[in-house]
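Have a look at the structure below before the remarks.
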Amino acid sequence: MPEVFTIHELEQGSERLFEVKNEEESRLFASNFILLLKAGDAVAFYGELGAGKTAMVRAMAEGLGYKGFVNSPTFTLLNIYEATTFELYHFDFYRIDYEEEAVDIGFEEYIQNEGICFIEWPERVHNLLPVNRYEIHLEVPDYINQPTARLIRLRRY
Ligand SMILES: Nc1ncnc2c1ncn2[C@@H]1O[C@H](COP(=O)(O)OP(=O)(O)OP(=O)(O)O)[C@@H](O)[C@H]1O
Ligand SMILES: [Mg+2]
């Protein structure tokens with residue numbers, strides 16, 4: 001595993017930047033990142049359409065021992081995966097217009113409990129996000145010349 005993706009610890013309030021060349025390296029990042037996760041954590045994934053938010057959640061769920069299918073819950077807003085140690089809550093709020101729609105499906109309760117929340121389009125529920133959370137910002141620096149390269153900005157709040 002390239003040392004460059006190793007994340008020994010991430011202090012609250014700090015940020016780290018990773019450059020990956022392809023999806024395989026994104027998965028390597030994911031398998032390192034999940035080592036930081038503890039019961040009740042939340043991870044918010046920012047990035048435009050196709051940036052790789054779902055791909056990253058899939059890699060993390062697999063890394064946490066979930067053997068099933070991981071796809072964006074664009075219409076259902078929430079998928080639940082039984083992983084080895086944690087229950088995983090995969091949210092996608094792309095389609096919501098009001099934060100109340102997230103409240104209605106129990107978002108605040110899921111945030112409070114012991115499972116791990118993965119949130120796509122967290123900007124749609126900004127006021128409901130837990131104060132303590134990880135943020136993963138995915139950017140595609142050059143769609144034309146390096147379509148599989150991603151800039152990963154990891155923050156801990
Ligand atoms: N380095 C990379 N990391 C992640 N995904 C990559 C990478 N390179 C190419 N891809 C591809 O980019 C696409 C990302 O799609 P994905 O559905 O994960 O995006 P998304 O950010 O969840 O979009 P949406 O906002 O529509 O939910 C996938 O087809 C994936 O195979
Ligand atoms: Mg997605």
Side-chain angles (χ1 to χ4, degrees), residues 1-7 10 15-37 41-83 86-108 110-111 115-130 133-157:
M1 214 172 270
E3 172 68 19
V4 63
F5 298 138
T6 311
I7 311 161
L10 193 67
E15 171 178 303
R16 281 192 60 186
L17 202 61
F18 301 85
E19 289 177 37
V20 300
K21 288 195 269 310
N22 49 48
E23 208 169 340
E24 175 57 24
E25 289 193 354
S26 284
R27 278 196 289 270
L28 277 178
F29 164 83
S31 59
N32 280 290
F33 170 74
I34 57 174
L35 301 176
L36 298 177
L37 291 174
D41 279 348
V43 189
F45 294 86
Y46 296 81
E48 56 193 86
L49 289 168
K53 301 180 292 298
T54 303
M56 196 64 91
V57 172
R58 183 177 299 124
M60 291 184 185
E62 283 170 6
L64 290 165
Y66 177 64
K67 301 266 190 276
F69 189 65
V70 170
N71 221 350
S72 229
T74 312
F75 293 97
T76 54
L77 302 183
L78 167 65
N79 286 341
I80 299 179
Y81 313 125
E82 300 291 339
F86 307 111
E87 197 159 60
L88 309 177
Y89 308 119
H90 180 191
F91 296 93
D92 183 339
F93 292 124
Y94 183 65
R95 286 184 184 274
I96 70 168
D97 295 315
Y98 305 101
E99 289 187 337
E100 284 67 34
E101 295 170 62
V103 174
D104 288 345
I105 61 156
F107 181 63
E108 292 158 304
Y110 287 109
I111 286 289
I116 292 185
C117 291
F118 293 129
I119 308 148
E120 295 190 50
W121 293 98
E123 47 274 77
R124 302 271 201 271
V125 294
H126 185 71
N127 297 302
L128 304 176
L129 292 176
R133 62 180 184 265
Y134 291 100
E135 288 191 1
I136 290 177
H137 297 255
L138 295 164
E139 289 160 41
V140 189
D142 187 349
Y143 256 119
I144 308 293
N145 299 306
Q146 298 165 279
T148 65
R150 297 291 185 272
L151 207 58
I152 302 172
R153 199 179 301 277
L154 169 66
R155 293 194 189 130
R156 183 176 183 188
Y157 286 96

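These values consider heavy atoms only, across backbone and side chains, with no hydrogens, waters or symmetry-generated copies. Counting starts at 1 for both ligands and their atoms, in listed order.
- For residue T74, no N/O/S atom approaches the Mg ion (ligand 2) to within less than 2.8 Å.
- Within 4.0 Å of ligand 1, heavy atoms belong to protein residues N22, E23, S26, E48, L49, G50, A51, G52, K53, T54, A55, S72, E120, W121, T148, R150.
- There is no side-chain donor-acceptor pair under 3.5 Å between H126 and E99.
- For Y98, the OH atom is loosely surrounded, since the number of other residues' heavy atoms within 6.0 Å does not exceed 12.
- Counting only N and O atoms by type, the side chains of H137 and E135 include a donor and acceptor under 3.5 Å apart.
- Counting only heavy atoms from C-beta outward, the side chains of I152 and F33 never approach each other to under 4.5 Å.
- Counting non-hydrogen atoms of neighbouring residues, nucleotides and ligands closer than 6.0 angstrom, the CD atom of E19 reaches no more than 12 such neighbours.
- Taken to the nearest 0.5 Å, the OH atom of Y46 stands 6.0 Å off from the CD atom of E123.
- Checked against the Mg ion (ligand 2), the N, O or S atom of E120 at the shortest distance is OE1.
- Looking at L77 and F107, their side chains never come closer than 4.5 Å, going by heavy atoms from C-beta outward.
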